[in-house]
Amino acid sequence: MTVRGSFGPLDEQAKAAIEAAAGPAYTPAGTFTHDATMAAFTFRCQVAANDESEPADGETEAAGGEAEAGQAALAVLAAYGLPHRVLNVAVTDLRQVKIRRR
């Protein structure tokens with residue numbers, strides 16, 4: 001999951017929390033990348049697929065799974081307790097990614 005957004009007013013403690021969670025990797029706890037002013041951010045969060053679910057064939061099933069994953073990522077983001085506004089949420093189901101071998 002990739003969540004792009006903007007931060008609200010941040011105190012020094014909030015800025016330190018963002019720096020502590022900075023990084024480009026997708027992790028279950030989530031990581032932040034941000035601009036120099038800490039106004040805009042990208043939050044990357046790894047959300048595990050349901051073990052019982054297969055990759056969805058239908059648009060309705062796919063939309064349901066993406067919505068659940070999006071809610072899970074937003075819950076992880078909210079757990080940081082930082083003032084923010086979400087601008088965009090993107091979902092990539094790695095079970096759907098085709099790998100081309102050379």
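Heavy atoms only: backbone and side chains are in, while hydrogens, waters and symmetry mates are out.
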Asker: Looking at every non-hydrogen atom in both residues, tell me the closest pair between Ala72 and Val47 and how far apart they are.
Answerer: CB-CG1, 4.0 Å
Asker: So, for Pro83 and Pro9, which heavy atoms are closest and what is the spacing to 0.1 Å?
Answerer: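 Distance-wise, the nearest heavy atoms are CG-O, 3.2 Å.
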Asker: How would you list all residue pairs meeting side-chain hydrogen bond (donor to acceptor under 3.5 Å, both in side chains) that involve residues 37-47, not counting sequence neighbours?
Answerer: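 Of all non-adjacent pairs touching residues 37-47, those that pass side-chain hydrogen bond (donor to acceptor under 3.5 Å, both in side chains) are Thr33-Arg44, Asp35-Thr37.
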Asker: At what distance, to the nearest 0.5 angstrom, does CZ of Arg4 lie from CZ of Phe43?
Answerer: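 Between Arg4 CZ and Phe43 CZ, I get 13.5 Å after rounding to 0.5 Å.
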Asker: If you take all heavy atoms of Cys45 and Pro28, which pair is closest and at what distance?
Answerer: SG-O, 3.8 Å
Asker: Taking only residues two or more places apart in sequence or in another chain, which ones pass side-chain contact (heavy atoms from CB on, under 4.5 Å) with Ala21?
Answerer: Phe32, Tyr80
Asker: What residues form a side-chain contact (heavy atoms from CB on, under 4.5 Å) with Val86, not counting sequence neighbours?
Answerer: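 Once residues adjacent in sequence are excluded, the partners of Val86 under the side-chain contact (heavy atoms from CB on, under 4.5 Å) criterion are Val3, Leu74, Leu77, His84, Val89.
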Asker: I need the minimum non-hydrogen distance between Val76 and Ala29, along with the two atoms involved.
Answerer: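 Heavy-atom minimum between the residues: CG1-O, 3.4 Å.
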Asker: So, do Phe7 and Ile18 sit near enough that their side-chain heavy atoms are less than 4.5 Å apart?
Answerer: yes
Asker: Test: side-chain hydrogen bond (donor to acceptor under 3.5 Å, both in side chains). Region: residues 8-31. Which pairs qualify, not counting sequence neighbours?
Answerer: Thr2-Tyr26, Glu19-His34
